[in-house]
Amino acid sequence: MFFHPAVIAILLASGLGVAMLLAAAPFAAQVIRRWDTGSGSELQLVLERRTYLFSTLLAFVFAAQLLGLLLFVFNADAMAVMFVGAMCAVGTLNVNPWGFPALGAQVALFFLAAVWLAINHLDNQAPDYPLVRLKYALFLAFGPLLAGSFALQFAYFQGLRADVITSCCGSLFSADTQGLSGDLSALPPRPALWGFYGSLALATAAAGHAWLRRRSGPLLALASALAFGAAMAGILSFLSLYVYEHPHHHCPFCILKPEYGHQGYALYIPLFVATAAGLAAGAVQLCGRKASLRARAPALTGRLAATAGAGFLLFAVVATAMIWRSNLILLG
Amino acid sequence: MRTWVARQAWLIDFTVGSLARRKTKNLGLWLVYATLVFVLASVALYTQALRLEAAAVLAHSPEVIVQRLVAGRHDLIPPGYLERMGRIRGVQKREGRLWGYYYDPVLKANYTFMVPPDAGVARGTLVVGPALERERGLARENGISFRAYSGRLFSFTVADVLPAATELMSADLVLMHEEDFRAFFEYPAGHFTDIALSVANPREVRTVAAKVAAALPDSRPILREEVLRTYASILDWREGLVLAVLSGALLAFAILAWEKASGLSAEERREIGILKAVGWETGDVILMKFWEGALISGSAFLAGYLAAYLHVFRFGATLFEPVLKGWSVLYPRFELVPAIDGLQVATLFLLTVFPYTAAVLVPIWRAAVTDPDSVMRQ
């Protein structure tokens with residue numbers, strides 16, 4: 001399946017990312033050991049010059065991860081026609097054991113990349129680059145995940161065999177299935193609905209507070225993570241039922257399909273952007289204690305909080321509109 | 001926010017001016033870039049259109065076709081075979097079909113002779129496909145003779161020509177009456193070529209096929225979805241193969257972009273030196289260079305994609321047709337339906353813009369960290 005154009009593009013993007021990672025790793029280690037803004041040594045000058053290159057390079061690699069997630073899901077959905085038994089992305093990802101781990105790694109990278117890009121942005125604003133060490137340490141910590149994600153994608157695409165009969169979303173996301181997907185699908189709608197709107201309200205309120213007061217970023221980050229989990233559980237347990245107008249179809253991927261007007265993108269894009277912004281707001285405030293950042297960090301926290309709040313609100317509005325328009329009566 | 005937008009606007013304004021000062025250098029790169037996008041996008045658009053065409057054509061074919069095998073080869077359906085299959089729940093209609101191939105020495109091409117299911121063709125007449133009409137110069141009420149495989153000569157009158165809109169499926173098709181067909185091929189009475197089954201519910205197709213295989217162990221059920229899947233895989237594979245061949249060009253382009261970006265002229269160096277002397281920071285220069293790259297790649301991508309769209313849908317993809325479409329004597333002429341796929345645009349974007357950006361990063365940085373005094377002293 002390597003000769004599928006989208007697969008070539010996805011592997012090219014992650015492969016180049018890993019190559020850049022390998023190129024940047026020795027420099028990152030050197031920065032962590034030798035960086036000293038107080039020094040006027042030749043080495044420090046060289047490091048300061050090079051940090052421009054590597055910061056741009058890493059920003060590029062992490063930005064590519066944001067696009068990579070979208071393309072990975074979009075491609076999995078489009079490739080479903082090629083496998084017996086697959087009806088949406090779930091079937092394609094289920095063809096071999098590497099599909100879902102690859103998706104999970106990509107989602108984790110998406111959020112980590114967003115946090116890193118926010119810290120990088122904050123660091124670039126201060127004249128003394130106070131977060132350089134932290135930035136490169138984080139990069140070295142994320143590196144194995146980036147390489148692991150590439151390895152998983154490689155194993156997944158290499159193991160795609162057209163003669164494998166895969167299972168469709170109906171069997172994975174059903175109340176009778178063992179495991180997380182089955183448990184979430186089996187959640188009774190009423191408590192899930194409360195949890196869904198409750199956590200979204202909490203996250204929006206935390207975002208509003210962080211936006212107005214320019215603080216409480218960590219609280220917003222926690223609320224965002226909670227809202228993300230509750231939103232995914234809500235999509236599995238009741239929102240999907242409303243979209244399909246079917247009391248037993250719990251799939252979170254079929255809503256991305258053209259048959260349902262690609263509605264899923266209107267749902268997932270605000271949710272992912274809002275969660276990423278919420279997490280980043282927390283990270284920015286935690287990093288903003290250095291003297292040169294005291295004025296700048298709250299402003300960035302506020303902007304990120306505004307993005308997160310708007311995203312969660314938009315997500316809630318879209319979800320409510322889906323329930324409102326549906327002909328399914330789930331709660332009598 | 002407003003200051004940020006204004007800053008970017010000024011940077012873009014400056015970049016456009018700076019690009020215009022070095023027209024020839026940038027135009028060369030831009031042309032190569034646009035040509036590369038044009039080639040890749042042509043392949044992608046053409047395959048996508050063919051894929052849609054295949055799906056549209058197969059949409060009306062029967063869900064399951066049952067063939068009988070003897071020693072692993074396709075054989076005729078004997079009398080009583082349909083009855084042995086029995087009634088299968090979910091099958092709306094089942095019918096024996098009569099069709100075969102005829103080699104015409106005049107055109108040196110194969111025709112498909114077929115008996116339409118609704119018996120709409122009178123004895124002694126034919127309904128022919130548009131390619132046949134064109135190649136043999138036939139028209140309505142014309143007479144035509146074919147020498148059968150038995151050596152006998154058969155004469156027919158052309159009753160009608162199939163509409164050109166169906167050409168992809170009917171280019172080489174000849175429809176005839178059942179008795180004419182049996183006499184022409186000396187087909188044994190009561191035998192059929194294969195059996196077509198219509199299944200209303202797509203989820204039942206596999207079960208129906210399994211039941212057919214159980215009832216008639218010497219049969220081979222062929223599913224429409226499998227044919228569609230095979231078409232999709234073949235077209236994807238052809239497209240991927242062309243892309244893999246073109247990856248050499250992609251690499252060459254990345255090297256060219258690297259070379260162009262790192263080969264800073266003395267004038268450019270002086271420009272960057274002066275900018276830094278008047279207070280620009282390294283980050284600003286990188287941002288300016290970023291906008292330069294974005295403007296070049298954005299406009300080249302757009303121009304290349306537009307040219308590919310015109311090439312495929314207005315001029316029939318003359319450059320790549322033989323590789324992607326295949327070839328035959330009686331090849332159908334067909335108009336492709338214009339279609340743009342989001343995944344494809346994203347794929348193309350990643351395949352072209354990503355290597356370009358990666359290639360110019362290091363040269364951009366080299367240019368940006370230039371010391372003002374070292375440049376101006378020269």
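Heavy-atom basis, side chains included; hydrogens, waters and symmetry copies ignored. What you see is a predicted model; the values in this text were computed from it and never measured. In the text below, chain A, chain B and the rest are named by the order of the sequence lines, each starting its count at 1.
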Inset, instruction - Check each atom of A/Leu67 against the heavy atoms of chain B and say whether the ones under 4.5 Å are side chain, backbone, both or neither. - result: side chain
Legend entry - Engaged part of A/Ala78 at the chain B interface, taking heavy atoms whose separation is under 4.5 Å: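 Side chain only.
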Calculate, to the nearest 0.5 Å, the distance between atoms [atom1] and [atom2] belonging to [X] and [Y] respectively.
{"X": "B/Lys289", "Y": "A/Thr56", "atom1": "NZ", "atom2": "OG1", "result": "14.0 Å"}
{"X": "B/Phe354", "Y": "A/Phe60", "atom1": "CZ", "atom2": "CZ", "result": "4.0 Å"}
{"X": "A/Leu57", "Y": "B/Thr357", "atom1": "CG", "atom2": "OG1", "result": "11.5 Å"}
{"X": "A/Leu53", "Y": "B/Ile286", "atom1": "CG", "atom2": "CD1", "result": "7.5 Å"}
{"X": "A/Tyr52", "Y": "B/Thr282", "atom1": "OH", "atom2": "OG1", "result": "4.0 Å"}

Legend entry - Shortest non-hydrogen separation from B/Thr347 to A/Ala9 and the atoms involved: CG2-CB, 3.6 Å
Inset, instruction - List the atom of B/Leu350, the atom of A/Leu12, and the distance in Å for their closest heavy-atom pair. - result: O-CD2, 4.2 Å
Inset, instruction - Step through the shown structure and confirm whether more than 12 heavy atoms of other residues, nucleotides or ligands are within 6.0 Å of OH on B/Tyr309. - result: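 Correct, the count exceeds 12.
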Inset, instruction - Inspect the surroundings of CH2 in B/Trp237 and state if more than 12 heavy atoms from other residues, nucleotides or ligands are less than 6.0 Å away. - result: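 Check fails, neighbour count at 12 or below.
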Legend entry - Top contributor to chain A interface from B/Leu361, B/Thr230, B/Leu348, B/Val362 [non-hydrogen pairs under 4.5 Å]: B/Leu361
Inset, instruction - State whether the side chain of B/Trp365 and the backbone N or O of A/Phe54 hold a donor-acceptor pair below 3.5 Å, judged by distance alone. - result: no
Inset, instruction - Under 4.5 Å, heavy atom to heavy atom: which of residues 258-266 of chain A reach chain B? Give them by number, or say none. - result: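 Hits under 4.5 Å: none found.
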Legend entry - chain A contact via B/Arg206 - side chain, backbone, both or neither, heavy atoms under 4.5 Å: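 Answer is side chain: those atoms of B/Arg206 sit under 4.5 Å from chain A.
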Inset, instruction - Among the options A/Leu16, A/Asp77, A/Ile10, pick out the one with the most heavy-atom pairs lying under 4.5 Å from chain B. - result: A/Leu16
Legend entry - For A/Trp211, all residues meeting side-chain contact (heavy atoms from CB on, under 4.5 Å), sequence neighbours excluded: A/Ala305, A/Ala306
